[in-house]
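Structure first, then comments.
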There are 2 protein chains.
Amino acid sequence: MSHMVYGRLMTLDREQVLRSAAALLSRKSTATMDEVARAAGIGRATLHRHFAGRDALVKALESLGIQEFEAALDAARLDEGTSEEALRRLIAAVEPSAGLMSFLVNENQLFEGDEVDEGWNRADARVSAFFRRGQERGEFRIDLTPAWLTEALYGLVGTAAWSVQAGRVAAQDFQHMIVELLLGGARRSVEQ
Amino acid sequence: MSHMVYGRLMTLDREQVLRSAAALLSRKSTATMDEVARAAGIGRATLHRHFAGRDALVKALESLGIQEFEAALDAARLDEGTSEEALRRLIAAVEPSAGLMSFLVNENQLFEGDEVDEGWNRADARVSAFFRRGQERGEFRIDLTPAWLTEALYGLVGTAAWSVQAGRVAAQDFQHMIVELLLGGARRSVEQ
DNA sequence: CCTCGATGAGACATTCATGTCTCACATGGT
DNA sequence: ACCATGTGAGACATGAATGTCTCATCGAGG
């Protein structure tokens with residue numbers, strides 16, 4: 001039998017389809033179900049067999065994105081070392097998922113009042129708590145709220161992912177661009 | 001006659017319709033032509049009389065956005081005073097157009113290879129040149145490229161506009177959030 | 001008061017993405 | 001060799017947004 005149980009683990013096929021869908025939709029968020037299928041190298045009918053519809057596909061992508069982001073949060077060990085080191089680890093861990101996250105953030109903006117996936121709230125809380133902790137330690141300035149720093153983090157990750165995608169900045173600078181801007185800003189500090 | 005010449009100035013009606021369309025589409029970028037019409041307090045047929053179709057409407061919005069952004073660039077007098085002061089003026093001048101700009105930036109991402117409006121290139125060049133000048137003056141750090149700083153500026157403006165819209169941050173903090181993060185970053189500097 | 005122009009409402013055709021279904025085919029397991 | 005399951009391709013219905021058209025109405029200007 002080629003299918004295993006649906007649960008914490010998913011079928012290899014499903015996983016691969018989801019990956020290629022993420023790659024495509026990160027570039028072209030309005031891609032058709034047919035385009036998604038072609039990109040995955042399968043027929044549209046088969047795509048519909050895996051995912052009931054576009055909504056189901058997007059929800060699956062959302063789960064994947066949340067899962068990857070939370071894995072990045074784990075891998076970053078946000079409570080170890082200085083906040084700066086932790087942030088560098090987080091951005092590094094998040095880089096492979098940046099395109100998908102950018103897509104999902106934009107996608108979530110469309111559902112105005114509707115309830116957002118609880119996973120996002122969990123992730124938001126962890127990021128926000130990280131910034132608050134850094135403030136309490138005296139490592140982050142306190143005139144920028146944790147909520148704004150969290151949003152700015154998402155925004156910069158998305159902007160960087162898109163800028164790389166569009167060829168406007170070098171892919172190898174991804175982490176440096178985000179971390180340096182987020183931490184130190186554009187101003188050239190005196191002691192530097 | 002209720003119509004004046006179409007040219008540099010547009011009909012008051014047209015202008016107002018465009019404004020309300022900008023306001024609506026900034027919040028809900030997928031709004032229908034019918035919704036746009038209702039929001040403007042006119043019928044769908046009338047909307048089509050003003051703008052041949054959705055594409056024409058978006059193009060008109062793009063022109064409006066570019067015009068407002070270039071006006072903000074003018075008003076900011078980017079070559080007067082320190083780069084920091086100039087950036088503060090720019091963000092202040094851009095605030096009223098932030099929602100529209102955010103919409104247009106996201107919209108432009110959908111037209112991958114297609115040629116972008118030349119107005120954007122002009123504006124991009126001015127912003128990019130501003131950052132480069134600041135680097136040459138020693139006011140901005142040189143390890144972040146002008147291209148990235150330009151993209152980050154757009155991204156942060158859009159993120160801030162959306163965060164305010166979503167009620168996650170206070171509207172009155174708009175300028176401070178963007179300018180401080182963009183200039184100084186989140187790190188608490190020693191001399192502060 | 002009358003006329004012209006713009007409008008709103010609605011009918012209508014068209015296009016496109018979606019979702020469902022059928023059928024022939026191939027591949028893998030028995 | 002046989003059978004079953006998954007698959008691709010295509011036909012088909014559906015719904016939604018778009019674009020076009022007509023017509024009755026309203027209002028301003030002559």
Side-chain angles (χ1 to χ4, degrees), chain A residues 1-7 9-62 103-104 106-107 109-114, chain B residues 1-7 9-62 103 106-107 109-112 114:
Chain A
M1 209 182 295
S2 78
H3 266 176
M4 26 175 114
V5 197
Y6 284 74
L9 280 306
M10 58 186 111
T11 311
L12 266 193
D13 290 355
R14 215 180 131 96
E15 174 87 19
Q16 288 169 343
V17 170
L18 219 42
R19 295 282 169 192
S20 72
L24 174 58
L25 290 173
S26 297
R27 279 179 286 115
K28 186 181 177 185
S29 60
T30 59
T32 287
M33 288 294 274
D34 192 70
E35 293 174 292
V36 172
R38 301 286 169 163
I42 64 178
R44 195 165 67 96
T46 305
L47 179 59
H48 270 87
R49 284 182 195 110
H50 283 302
F51 305 96
R54 193 174 223 282
D55 291 349
L57 174 62
V58 171
K59 273 194 63 174
L61 280 173
E62 195 168 26
F103 164 71
L104 294 175
N106 281 334
E107 197 73 7
Q109 290 182 173
L110 299 184
F111 303 155
E112 353 189 338
D114 312 17
Chain B
M1 208 182 296
S2 76
H3 267 177
M4 26 174 113
V5 198
Y6 284 74
L9 279 308
M10 57 185 111
T11 311
L12 267 193
D13 290 355
R14 216 180 131 96
E15 174 85 20
Q16 289 169 343
V17 169
L18 219 43
R19 295 282 171 189
S20 71
L24 174 59
L25 289 173
S26 297
R27 279 180 285 114
K28 187 182 177 183
S29 60
T30 59
T32 287
M33 288 294 273
D34 192 71
E35 293 175 291
V36 172
R38 301 287 168 161
I42 63 177
R44 195 165 68 96
T46 306
L47 179 60
H48 270 87
R49 283 183 195 108
H50 282 301
F51 305 96
R54 193 173 222 282
D55 291 348
L57 175 62
V58 171
K59 274 192 63 173
L61 280 174
E62 195 169 26
F103 164 72
N106 281 332
E107 197 72 7
Q109 291 183 172
L110 299 184
F111 303 155
E112 351 188 340
D114 311 17

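From a predicted model like this one, the values you see are computed outputs, not experimental measurements. To find a chain, count down the sequence lines: A is the first, B the second, and so on, and within it residues start at 1.
- Every side chain to side chain contact (heavy atoms under 4.5 Å, CB included) that Ala56(A) has, sequence neighbours left out, goes to Phe51(A), Ala52(A).
- For Ala22(B), the side chain to side chain contact (heavy atoms under 4.5 Å, CB included) partners at least two apart in sequence or on another chain are Leu61(B), Leu100(B).
- Residue Thr46(B) places no side-chain N or O under 4.0 Å from the OP1 or OP2 atom of dT7(C).
- One atom, CG of Leu47(A), and another, P of dA9(D), lie 13 Å apart when rounded to the nearest Å.
- The interatomic distance linking Asp13(A) (CG) with dG28(C) (P) rounds to 13 Å, in whole Å.
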Per-nucleotide protein contact along nucleotides 10-26 of chain C, 5' to 3', at a 4.0 Å heavy-atom cut-off (B base, S sugar-phosphate only, - neither), is -B-----SBBB-B----
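- Within the structure, salt bridge (Lys or Arg N to Asp or Glu O under 4.0 Å) contacts touching residues 34-58 of chain B (residues at least two apart or in different chains) are Lys28(B)-Glu35(B), Asp34(B)-Arg38(B).
- Here the CG atom belonging to Leu24(A) is positioned 9.5 Å from the OG1 atom belonging to Thr32(A), to the nearest 0.5 angstrom.
- For the atom pair CG of Leu18(B) and CG of Leu57(B), the computed distance is 6.5 Å after rounding to the nearest 0.5 Å.
- We find that CZ of Phe51(A) is positioned 12 Å from P of dT7(D), with the value rounded to whole Å.
- In this structure, the separation between NZ on Lys59(B) and CD on Glu107(B) is 13.5 Å, given to the nearest 0.5 Å.
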